[in-house]
There are 2 protein chains.
Amino acid sequence: MSSFLSDKKTQTLRQYASAPKTPTYLLQKQTETMDEKQFLADYDKRQYDSPLLTVDAVLFTYHEACLKVLLVQRSNHPELGKWGLPGGFVDLIRDITLEDTVLRKLQEKTGIEPPYLEQLQTIGNAQRDKRGWSVTIAYTALMAFQACYAHVATVADAQWLALDTVAEMDLAFDHQAIISLARERLRQKALYSIVPAYALEETFTLPELQALHEALIGKGLQKKSFRRRIEQAELLIDTGEKRSEGGRPAALYKMKKSAGNYTFVRNLED
Amino acid sequence: MSSFLSDKKTQTLRQYASAPKTPTYLLQKQTETMDEKQFLADYDKRQYDSPLLTVDAVLFTYHEACLKVLLVQRSNHPELGKWGLPGGFVDLIRDITLEDTVLRKLQEKTGIEPPYLEQLQTIGNAQRDKRGWSVTIAYTALMAFQACYAHVATVADAQWLALDTVAEMDLAFDHQAIISLARERLRQKALYSIVPAYALEETFTLPELQALHEALIGKGLQKKSFRRRIEQAELLIDTGEKRSEGGRPAALYKMKKSAGNYTFVRNLED
DNA sequence: TAAATAGTGTCTCTCAGACAATATACG
DNA sequence: CGTATATTGTCTGAGAGACACTATTTA
């Protein structure tokens with residue numbers, strides 16, 4: 001606490017080191033607010049040439065034993081006609097945060113807000129967009145296929161595409177690389193969390209969740225190990241319902257509120 | 001592969017769905033390049049009001065049994081006089097990537113490039129800067145204290161401050177929160193990697209590294225466990241040198257090239 | 001009953017935690 | 001030698017991997 005006070009003192013002193021000898025406590029309030037008001041009034045951020053700023057989302061889902069990602073076909077230059085990630089510009093009036101921007105864009109395409117949204121990475125350089133220096137803040141999102149299928153079907157330029165298919169396509173900008181990055185990060189999460197469960201319906205079976213993790217990790221997992229760790233961490237609630245897939249019916253679970261934040265201390269084998 | 005081709009076809013067809021009946025393969029090349037050229041010529045990104053974009057770095061080091069962060073005192077409005085993170089605007093001419101921007105800013109203050117630099121998080125909202133909608137791409141960086149001490153001493157507005165001291169200060173913008181975020185992330189890394197080692201000199205002892213991890217985690221660690229996992233993963237090179245701290249001299253190690261990327265499958269206790 | 005899918009029992013092996021024991025400096 | 005710090009030995013326990021076994025459904 002004493003270090004705090006002495007730091008504040010240093011701060012104030014340095015700030016007005018070369019100012020006239022008026023008592024600091026008077027000078028401070030006045031000049032500070034005046035100067036700042038003046039500054040903000042004069043300030044026009046357009047005088048600084050700044051990079052183009054966009055927000056993009058890699059929205060995954062799992063449907064019919066297949067990882068899919070939502071793409072939209074570009075209706076504007078540049079890269080007109082190519083498929084790419086849903087995204088766009090920040091609306092300085094309507095959006096309060098960057099998440100608002102992503103959610104708004106995803107809402108337009110899917111009709112709903114994804115239950116999982118996390119910032120992935122910001123990519124910015126001089127070459128990724130022909131218009132010049134450009135920055136995109138990329139997000140990873142997960143949602144159930146059924147929850148938005150009807151709405152997506154009504155949006156002419158939006159479509160769920162299997163990841164394997166997407167890998168062969170010529171996407172806009174560096175969106176192919178961004179998808180790879182998102183997938184790799186999600187693969188990691190599959191090793192130490194059950195975050196991928198957000199790509200399933202609200203209730204799901206354990207074999208279903210395991211299959212999703214296996215698809216992400218690219219390798220089979222031991223049923224026993226998979227169940228054991230989830231049971232011990234008490235991440236799921238047994239709904240009591242069952243779902244049959246031709247054999248013994250499987251128990252239907254839903255996630256506990258905080259299940260997405262839980263991380264196992266020990267990873268699954270890579 | 002066939003799905004790839006059919007996708008491309010869809011793409012082209014959709015793109016010119018309402019265009020005249022000229023053969024597509026002719027029409028495509030022409031109109032596409034023409035339109036795009038025109039578009040890029042007309043394009044002036046300043047016509048779109050976009051958020052203010054900055055880059056900031058949380059640069060940590062470990063010196064005298066103490067975690068420190070490099071802060072600079074602001075010499076401009078807004079928040080003039082307050083201490084904050086080193087950072088600034090992208091130089092659209094000189095910087096090719098966002099990393100260039102951070103490295104340039106850190107170079108100015110420390111005289112060197114940090115051996116560890118990783119994107120932390122991008123924070124963007126309407127309130128964090130009085131000038132309006134503002135976005136900062138925050139990075140975490142680590143470097144040795146000695147490597148830059150001399151240069152930092154020559155920079156009047158830059159200073160290493162202990163994290164405990166910083167926690168009590170009134171920093172510019174949301175920099176306090178960004179530092180917390182960076183610290184928390186580094187704490188996590190201390191549980192499953194030896195990334196914190198980049199905050200030490202190029203050669204260091206194991207007790208030294210352990211002390212750093214303990215400072216980050218906020219809890220004592222078992223010497224044996226700590227050494228064992230590092231030895232088994234073969235992350236360090238024994239330089240053969242020793243350093244004495246009053247008792248038995250400790251072996252001096254340096255990191256292998258890829259040691260920073262290694263993650264243990266099993267975390268230390270939280 | 002056979003096939004299919006779900007779920008369990010149990011052994012092994014790896015590795016972190018605990019802590020005692022030993023090693024090598026300096027005064 | 002006594003003190004300080006570094007390094008090792010070794011036991012315990014948690015939890016993942018392997019895989020065989022049991023359970024519950026449909027055809």
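In this text the structure is predicted, and so the values were computed from the model without any measurement. In what follows, chains are A, B, ... by sequence order, proteins preceding strands, each numbered from 1. Keep in mind that the numbers below use all heavy atoms, side chains included, and drop hydrogens, waters and symmetry copies.
The separation between B:Gln210 atom CD and D:dT7 atom C1' is 11 Å, rounded to whole Å. Distance A:Ile230 CD1 to C:dT8 P: 13 Å, rounded to the nearest Å. Atom-to-atom, CZ of B:Phe264 to C1' of C:dT14 comes out at 14 Å; the value is rounded to the nearest Å. Rounded to an integer number of Å, the gap from OH of A:Tyr192 to P of D:dA16 is 16 Å. A straight line from CG of A:Leu235 to C1' of D:dG15 spans 15 Å, rounded to a whole angstrom.
Inspection of the B:Thr122 and A:Thr122 side chains reveals an N or O donor paired with an N or O acceptor under 3.5 Å. Donor-acceptor pairing under 3.5 Å is recorded for the side chains of B:Arg228 and B:Ser225.
Residue A:Lys242 is classed as having no contact, given no heavy-atom separation below 4.0 Å to the nucleic acid. No engagement by B:Leu221 is indicated, since no non-hydrogen atom pair under 4.0 Å with the nucleic acid exists.
Take the nearest nucleotide of DNA chain C for B:Gly247 and for B:Ser225: the residue whose nucleotide is more 5' is B:Ser225. Residues A:Phe226 and A:Arg248 each lie close to DNA chain D; by heavy-atom proximity, the contact nearer the 5' end of the strand is made by A:Phe226.
At D:dA16, none of the side-chain N or O atoms of A:Gln222 fall inside 4.0 Å of OP1 or OP2 (strictly under the cut-off). Residue B:Ser244 places no side-chain N or O under 4.0 Å from the OP1 or OP2 atom of C:dA25. A sub-4.0 Å separation between OP1 or OP2 of D:dA16 and a side-chain N or O of A:Arg229 is present. Phosphate proximity of C:dG7 to A:Arg227: present, with a side-chain N or O under 4.0 Å from OP1 or OP2.
Residue B:Leu85 comes nearest to B:Asp56 through the heavy atom pair O-OD1, 3.8 Å, listed as atom of the first residue, atom of the second, then distance.
If you check distances only, the side chain of A:Arg228 does reach the base of D:dG17 with a donor-acceptor pair under 3.5 Å. One can find a donor-acceptor pair under 3.5 Å joining the base of D:dG9 and the side-chain atoms of B:Lys224. Contact annotation: side chain of B:Arg266 to base of C:dC15, donor-acceptor pair present below 3.5 Å.
Counting only residues at least two apart or in different chains, ring-ring contact (aromatic ring centres under 6.0 Å, His included) contacts with residues 220-253 of chain B comprise B:His213-B:Phe226.
For A:Arg229, there are no salt bridge (charged side-chain N to carboxylate O under 4.0 Å, His left out) partners at least two apart in sequence or on another chain.
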